[in-house]
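Notes follow once the structure below has been shown.
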Amino acid sequence: MYNFKEIEKKWQNYWDKNKTFKVKNEGKNPYYILVEFPYPSGSGLHVGHVRSYTAQDALARMKRMQGFNVLYPMGYDAFGAPAEEYAIKTHQHPKNVVKKNVEVFGNQMRTLGFSFDWDRSFSTTDPEYYKWTQWQFIQFFKHDMAYKAVTKVNWCPKCKMVLSNEDAAGGVCERCGTQVEQKEKSQWMLRMAKYSEDLLKGLDDTNFAEKVKLGQINWIGKSSGVEMDVDIVGGGKFSIFTTCIETVYGITFFVIAPDGKLIEELMPRVENKEEVLEYIKETSLKSSMDRTELNKGKSGVLVKGVEAINPINGKHVPIYLGDFVLGDYGTGAVMAVPAHDQRDYEYAKEHNLDIVQVIEGDISTKAFEKQDYLGKNCKLMNSEEFTGLTVEEAKEKITDMLVQKGIARRVNNYKMRDWVFGRQRFWGEPIPMIYCDDCGWNPVKEEDLPVTLPDVTEYEPTDNGESPLAKIDEFVNCKCPVCGKDAKRETDTMPQWAGSSWYFLRFMDPHNDHEFASMDAMKYWNKVDWYNGGMEHTARHLLYARFWIQFLYNIGLVPNKEMIWTRVSHGMVLGSDNQKMSKSKGNVINPDDIVNEYGADTLRMYEMFMGDYQMDAPWNIDSLKGCSRFIDRIIKIGEKLNDKSGYTDEILANKTIAKVEYDLTHLKYNTAVSSLMIMLNEYDKFENGITKDDYRLLLILLNPIIPHITEELNEQYNLGEAICKSTWPQYDESKTQDELLTLAIQVNGKLRGTIKVNKDKPNDEVLKLAKEEENVSKHLEGKEIIKEIVIPGKIVNIVVK
RNA sequence: GCAGGUGUGGCGAAAUUGGCAGACGCACUAGACUUAGGAUCUAGCGGAGCAAUCCAUGGGGGUUCAAGUCCCUUCACCUGCACCA
């Protein structure tokens with residue numbers, strides 16, 4: 001094995017000293033490659049990071065050689081709970097924890113030879129950065145896009161802490177196992193739901209992978225339907241939302257949300273108040289998790305004393321309270337059609353309610369639902385004048401009628417809610433708002449930004465669920481920015497998603513101290529050309545970031561409504577047991593160990609070669625050794641240099657350039673590597689050794705993936721200027737294919753032989769040659785030829801009887 | 001339950017997008033070199049068969065001259081979301 005330690009260090013220093021990868025906001029062909037910046041955890045860089053950073057590094061290095069001005073930046077997303085919890089445990093300021101971890105990550109990334117422009121690096125926790133995150137929040141507020149509202153939070157009574165949904169999974173606190181309670185809390189929200197339609201439409205201006213787009217679409221969850229008014233017997237009304245108005249004649253009851261406003265309004269008329277209140281209380285104790293778990297039975301109570309009138313036929317039907325109806329989706333009330341909705345069906349069975357069938361189909365054991373009847377020409381029944389119409393016709397006609405009568409409206413509903421933006425944590429961007437008894441909520445003056453986190457030593461959460469900042473008087477007490485009287489600061493901080501929603505803009509202009517990024521810089525880079533990250537972030541992070549950008553666009557602060565062009569995602573690197581790497585499973589691979597034992601180039605190459613980039617792949621140390629062996633062979637073939645020039649095999653050279661170029665831009669790193677292995681195998685077969693041009697070509701093509709050793713060999717054999725300063729080789733399309741092709745000959749679809757023909761040979765001559773082939777002619781003997789198919793350059797198939 | 005994804009040798013995987021299934025690598029076997037080999041090189045390597053040939057891409061069916069690839073159906077696993085009306 002070669003001395004990779006010395007060689008890799010040498011070239012890393014070279015790139016550093018020469019600022020090889022420093023990029024300016026000027027020149028032709030700007031190209032922005034972005035990888036998700038890491039959360040600098042205490043456990044250091046993961047081999048999964050190495051996979052995606054290497055992949056995009058390879059792309060960046062190739063693009064640079066092809067004359068693009070490549071921005072390939074790196075930073076840190078360092079706010080968040082783990083650093084805070086570690087700080088609590090070890091009694092130090094989280095910023096020190098982060099500083100240490102950032103250093104570790106930085107060093108690790110440097111030893112891997114990534115071509116980041118380190119001069120543009122920052123952490124979301126830098127006051128110079130989060131100043132602008134806070135400034136942007138103020139813009140949200142000023143444009144009425146941020147507001148305070150009461151929401152429920154997961155509360156662990158033992159830890160005295162607000163928990164994220166993830167930390168409250170299964171309804172128990174992840175840290176201590178205590179039953180989680182729901183607690184009401186007034187929090188800052190961003191009006192994200194308002195952007196539902198725009199976020200859907202915006203996808204047309206992107207080149208995201210189809211599955212990424214789908215993830216976004218599902219998350220937004222648009223459904224088109226009808227909102228219909230329902231009168232209550234004896235006065236009053238409410239409305240319901242439905243996507244299946246065609247079943248309106250099948251309504252046998254209504255269900256309303258226990259956590260909605262409607263039941264509050266109805267309360268005075270309710271006869272069984274105690275029962276109803278008890279049920280409301282029960283529901284409020286359940287987290288959304290619990291509600292789902294109790295899915296088995298459909299709980300609920302009859303609301304006595306009020307009845308609803310089915311607007312289409314005037315029938316009186318009961319109203320129930322059921323916790324499967326959510327107070328904050330739709331109108332918080334639903335029409336129940338047990339014959340055609342499984343959920344209603346179960347509810348009706350449980351509570352012994354009528355079932356009225358209105359669409360022809362089998363409802364003996366379960367509901368005949370929309371996925372059963374839509375698009376299948378099913379007909380209505382028991383529906384007065386609509387009986388006999390198809391579902392599709394009825395849907396339109398019933399809607400038209402209800403709309404005409406003024407009791408219904410066509411509406412769209414979205415699952416996506418407003419963004420709960422407050423966190424009761426210390427380690428986040430303080431929300432830059434001040435409350436004054438006289439003036440209410442007002443933003444901190446811009447010249448007073450950033451609102452920095454105080455240097456204290458206690459980060460323990462408070463007893464009442466407030467952020468630890470609430471205990472720090474010198475932080476809380478301040479002057480009202482409007483009237484100057486004593487006032488109090490908001491003590492909630494922002495969620496971790498905040499800083500990562502716009503960091504890619506900052507990379508375009510990272511040192512700007514009078515705006516978050518200049519319009520010129522953003523116009524120059526235009527959009528992120530490639531954004532690579534984990535599949536787990538393609539729904540939420542991407543949606544938050546797009547929302548944030550669309551808002552900035554609408555107030556004229558960024559040049560494009562969508563700032564990310566292509567989003568791709570990579571598969572995970574699994575442990576050798578095919579399981580997700582985790583300390584508890586003991587299957588974690590530390591990239592440092594691999595770099596020490598085999599070198600960064602070997603690790604980089606292996607991670608590119610291990611499998612389809614977009615798919616999960618298990619770690620396999622033997623396979624890595626194979627890559628190490630390949631690099632040894634590259635070094636060794638240098639001894640076979642002859643003094644000829646040009647390419648020994650023109651076709652091989654052109655073919656491989658084309659292949660590598662295609663593969664590196666289509667996430668097919670594994671086949672790029674294998675085509676280079678093939679090239680080396682061919683070189684080995686050359687009888688008179690290889691030329692300098694042959695060797696340099698191999699090294700240049702390999703350089704994006706294994707940059708250190710290729711530079712070293714290029715220098716050692718004096719093959720030309722440093723590869724990082726060189727131009728990517730051009731290929732000649734006409735020379736990527738041999739003149740003589742091997743053509744497969746089939747008889748009745750079965751391979752019977754091959755022939756070598758010139759690629760321009762006319763079809764009839766090809767066919768003639770094919771029939772003469774020894775084995776083929778044997779299979780044709782005594783048979784009648786029915787059909788002859790010649791696909792030039794591909795195959796010949798002769799069909800016989 | 002819904003959505004998305006995956007399923008090909010002993011293993012990681014390829015397959016120009018409908019055209020010779022298994023490229024490339026690992027592991028394995030045999031041989032060479034060697035004091036030695038966990039180094040290197042050469043050859044072999046889906047299954048059955050001496051062979052011609054036959055069988056084979058989770059299972060079943062279909063379209064086609066031709067299917068891993070398209071259509072229908074079914075099973076298994078993974079990842080999200082989860083009573084969304």
Side-chain angles (χ1 to χ4, degrees), chain A residues 1 210-212 214-215 217-219 221-223 225-226 240-244 247 254-255 257 288-289 291-295 298 322-326 328-337 341-344 346-347 370-371 413-417 535-536 538-540 571-572 574 578 580 606 609-612 614-627 629-630 632-633 636 658-659 662 668 670-678 680-681 684 736-737 742-754 775 778 786-791 793-800:
Chain A
M1 211 184 293
E210 214 42 50
K211 65 174 174 180
V212 174
L214 263 170
I217 290 168
N218 288 341
W219 195 276
K222 177 176 181 173
S223 57
V226 176
I240 57 100
F241 173 72
T242 180
T243 55
C244 307
T247 62
F254 288 90
V255 187
S288 53
M289 300 288 177
R291 278 211 206 178
T292 359
E293 265 179 37
L294 295 174
N295 199 2
K298 288 273 180 277
D323 68 3
F324 72 84
V325 178
L326 308 173
D328 58 353
Y329 179 79
T331 60
V334 300
M335 63 181 214
V337 183
D341 181 293
Q342 185 60 23
R343 204 184 40 196
D344 298 345
E346 285 166 24
Y347 198 89
K370 60 179 164 192
Q371 64 263 32
N413 257 307
Y414 302 88
K415 284 190 208 174
M416 195 170 73
R417 317 290 163 86
M535 200 57 210
E536 70 275 18
T538 51
R540 300 188 68 185
M572 267 185 295
L574 304 173
N578 235 315
K580 204 168 161 174
Y606 168 61
F609 186 60
M610 68 196 315
D612 185 329
Q614 302 191 67
M615 227 102 81
D616 293 352
W619 186 263
N620 181 341
I621 192 71
D622 283 329
S623 198
L624 179 131
K625 285 178 190 164
C627 292
R629 195 143 59 204
F630 175 70
D632 286 337
R633 286 177 58 208
K636 218 162 147 193
K659 174 79 175 153
Y662 180 87
K668 294 170 81 74
N670 52 339
T671 49
V673 172
S674 71
S675 71
L676 289 161
M677 288 175 167
I678 292 169
L680 180 64
N681 290 346
D684 260 337
T736 55
Q737 214 181 27
T742 306
L743 217 54
I745 318 297
Q746 297 180 334
V747 179
N748 283 349
K750 295 232 159 86
L751 182 71
R752 296 303 177 192
T754 57
N775 196 35
K778 221 163 68 191
I786 297 172
K787 200 167 181 180
E788 293 162 334
I789 294 133
V790 182
I791 310 293
K794 289 196 170 162
I795 208 159
V796 176
N797 191 7
I798 303 166
V799 186
V800 298

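All chains are named by letter (A, B, ...) in the order of the sequence lines, taking the proteins before the strands, and each is independently numbered beginning at 1. It should be emphasised that the depicted structure is a prediction, and the values quoted were computed from it without experimental measurement.
When distances are taken from the side chain of Asn681(A) to each of rC24(B), rG19(B), rC65(B), the shortest belongs to rC24(B).
Taking syn as a glycosidic angle within 90° of 0, rG9(B) qualifies as syn. Base orientation at rU69(B) is anti, since its O4'-C1' glycosidic dihedral falls outside 90° of 0.
Note: NZ (Lys415(A)) to C1' (rA82(B)) measures 8 Å, nearest angstrom. Across the protein-nucleic acid pair, Glu346(A) atom CD and rC83(B) atom C1' stand 9 Å apart, rounded to whole Å. At whole-Å resolution of the value, CG in Asn748(A) and P in rU64(B) are 15 Å apart.
rG9(B) sits 14 Å from rA23(B) when the C1' atoms are compared, rounded to a whole Å.
Judged by distance alone with a 3.5 Å cut-off, a donor-acceptor contact links the side chain of Asp323(A) to the base of rC83(B). Evaluation of atom-type donor-acceptor distances gives no pair under 3.5 Å for the side chain of Asp622(A) against the base of rC26(B). Interface remark: the Arg417(A) side chain does form a donor-acceptor pair with the rC84(B) base, using a distance-only criterion of under 3.5 Å.
Heavy atoms only, all atoms of each residue included: Asp344(A) and Met335(A) are closest at OD2-O, 3.7 Å. Across Phe609(A) and Asn670(A), no two heavy atoms sit closer than the pair CD1-O, 3.7 Å.
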Under 4.0 Å protein heavy-atom contact, by nucleotide of nucleotides 1-7 of chain B - B base, S sugar-phosphate only: --SS-S-
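In terms of phosphate contacts, Lys778(A) brings no side-chain nitrogen or oxygen within less than 4.0 Å of OP1 or OP2 of rU53(B). Contact between the side-chain N/O atoms of Arg752(A) and the OP1/OP2 oxygens of rA66(B) is not found at any separation under 4.0 Å. For rC11(B), neither phosphate oxygen OP1 nor OP2 lies less than 4.0 angstrom from any side-chain nitrogen or oxygen of Ser623(A). Between Tyr414(A) and the phosphate of rC84(B), there is no side-chain N or O to OP1/OP2 separation shorter than 4.0 Å. An OP1 or OP2 oxygen of rG80(B) is reached within less than 4.0 angstrom by no side-chain nitrogen or oxygen of Arg540(A). The phosphate of rU53(B) (OP1 or OP2) has a side-chain N or O of Asn775(A) nearer than 4.0 angstrom.
Not counting sequence neighbours, the partners of Gln614(A) by the side-chain contact (heavy atoms from CB on, under 4.5 Å) test are Asp612(A), Leu667(A).
Mapping Ile789(A) and Cys627(A) onto RNA chain B by nearest heavy atom places Cys627(A) at the nucleotide closer to the 5' end.
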